[in-house]
Amino acid sequence: MSRWRDVTGGVAGSEYAARFEALARSGKDMHGEAAFCAALVPAGARVLDAGCGTGRVMIRLAELGYDCVGVDLDSSMLDVARAQAPELLWFEADLAEFDPARLGIAADFDLVVAAGNVLPLLAPGTEARVVDRLAATLAPGGLLVAGFGLDAAHLPVPPSTTLPEYDECCAAAGLTLVDRFATWDGAPYDDGGYAVSVHRLDA
C-alpha cells in the first residue's frame, strides 16, 4: 500500500481540492510547478503528470497549450480532476506498473512531472521501479522533473527517499541530473529540506 493511501485512505480528493482553492482565494500563486515546467519545454510539448492528483498542475499546463496526460492511483483525486477538466486524459493507474501502451497512448513524452511529494508517498520499496517506469515513457532527451520533501517539515510521513538515493534510481534508468533547485520558482538548491530535480533521458 502506498504511503499516500496510509495517510489519506484514498478518499481525500474533495478535501485536498478545497485546501488549494482556499489558498488561491488568499492570493497565493498556485501555478509555480506549471510555470517551472513551461520554462523547460515549449508549448505543444507532450507532458505526463505522474501523480496528477486533482489536476491542478496539468490543467494549468493544458491552458498554456501543452498536450497533457494525467495518471494517479487515487480515484477520489481523479474524480475532482475529471469534473474540472473532462476534456483532458486522466488515467487511474499505479505508477509502479504504468505502461502507456496498455492505455493506448504513446510513450514519447517530452516531460514527465512528479510534483506534490509523489516519490516519498509511494509504496515502500517501489521508488526505483517507478523512476524506471517514468523514464520509459520519455522521448530521447526528455526531462523528468520531481519535487519532493526530504525532512519532516516538508512531508506528512517520515522521510524515506534521500537525494543520493533518488539520483541512483535515475542513473539506473538512464537519466542524468541536469539541475536542482530549492523551490519551484527556481531558487538555488541549498541543501535544505525540499528539492526540485531535473533529469534528462540520455539520447
Before giving the answer on side-chain hydrogen bond (donor to acceptor under 3.5 Å, both in side chains), spell out for S197 and R180 the whole-Å C-alpha distance, their side-chain angles and the decisive distance to 0.1 Å. CA-CA 4 Å; S197 304; R180 177 163 284 142; 2.8 Å; yes
Between V131 and L175, is the side chain to side chain contact (heavy atoms under 4.5 Å, CB included) condition met? List the steps. CA-CA 9 Å; V131 171; L175 297 160; 4.0 Å; yes
For the residue pair L150 and G192, what are the closest heavy atoms and their distance? CD1-O, 3.7 Å
NZ/NE/NH1/NH2 to OD/OE distance under 4.0 Å, R56 and E33: yes
How close do Y66 and V41 get, heavy atom to heavy atom, and via which atoms? OH-O, 2.6 Å
Are L88 and L64 co-members of a hydrophobic cluster defined by side-chain heavy atoms under 4.5 Å apart? no
Go through it in stages, so that I can follow the logic: the residues are R102 and E97, the test is salt bridge (charged side-chain N to carboxylate O under 4.0 Å, His left out), and I'd like the CA-CA distance, side-chain angles, deciding distance and then a yes or no. CA-CA 10 Å; R102 290 205 305 240; E97 305 300 330; 5.4 Å; no
What distance separates E92 CD from L73 CG, expressed to the nearest 0.5 Å? 6.5 Å
How long is the straight-line distance from CD of E127 back to CG of L121, given to the nearest 0.5 Å? 10.5 Å
Does anything in residues 106-115 form a side chain to side chain donor-acceptor pair (under 3.5 Å)? List the pairs, not counting sequence neighbours. R46-D108
Donor-acceptor contact below 3.5 Å, side chain T126 vs main chain R129: no
Worked verdict on C37 versus L111 for side chain to side chain contact (heavy atoms under 4.5 Å, CB included): CA-CA 8 Å; C37 293; L111 185 145; 4.0 Å; yes
Taking A85's backbone N and O only, do any of them form a donor-acceptor pair with W90's side chain (distance below 3.5 Å, no angle check)? yes
Do D94 and R133 meet the salt-bridge criterion of a basic N to acidic O distance under 4.0 Å? no
Are V113 and L78 connected in a single hydrophobic cluster, I mean Ile/Leu/Val/Met/Phe/Trp/Tyr linked by side-chain heavy atoms less than 4.5 Å apart? no
Can you check whether A173's main-chain N or O pairs, donor with acceptor, with D132's side chain at less than 3.5 Å? no
Quick check on the hydrophobic clustering: are L122 and L163 connected, directly or via other members, by side-chain heavy-atom contacts under 4.5 Å? yes
Kindly indicate whether the side chain of F148, heavy atoms from C-beta on, has any atom under 4.5 Å from the side chain of Y166. yes
Return the orientation label for the H154 and Y194 ring planes: parallel under 30°, perpendicular over 60°, tilted otherwise. tilted
F181-F36 aromatic ring centre distance below 6.0 Å: yes
Is there a side-chain contact between V71 and L48 in this structure, where contact means two heavy atoms from C-beta onward sitting under 4.5 Å apart? yes
Minimum heavy-atom distance C170-L144, with the two atoms named: SG-CD2, 4.4 Å
Kindly give the heavy-atom pair with the smallest separation between M58 and G70, and that separation in Å. SD-N, 3.2 Å
Where A182 and P188 come nearest, the two heavy atoms and their spacing: CB-O, 3.3 Å
When hydrophobic residues are tied together by side-chain contacts of less than 4.5 Å, even through go-betweens, does M77 share a cluster with I59? no
Intermediate values then yes/no, side chain to side chain contact (heavy atoms under 4.5 Å, CB included), D202 and T176: CA-CA 7 Å; D202 300 333; T176 300; 2.8 Å; yes
Hey, could you give me the CG/NE2 distance between D179 and H199, rounded to the nearest 0.5 Å? 10.5 Å
Go through the steps to decide whether N117 and L155 satisfy the test side chain to side chain contact (heavy atoms under 4.5 Å, CB included), and finish with yes or no. CA-CA 7 Å; N117 283 322; L155 289 168; 3.4 Å; yes
Taking all atoms of both residues into account, what is the closest heavy-atom pair of V112 and A50, and its distance? CG1-CB, 4.1 Å
Tell me whether L61 shares a hydrophobic cluster with L40, the cluster being built from Ile, Leu, Val, Met, Phe, Trp, Tyr side chains joined at under 4.5 Å. yes
Given side chains that start at C-beta, do those of L134 and F109 come closer than 4.5 Å, heavy atoms only? no
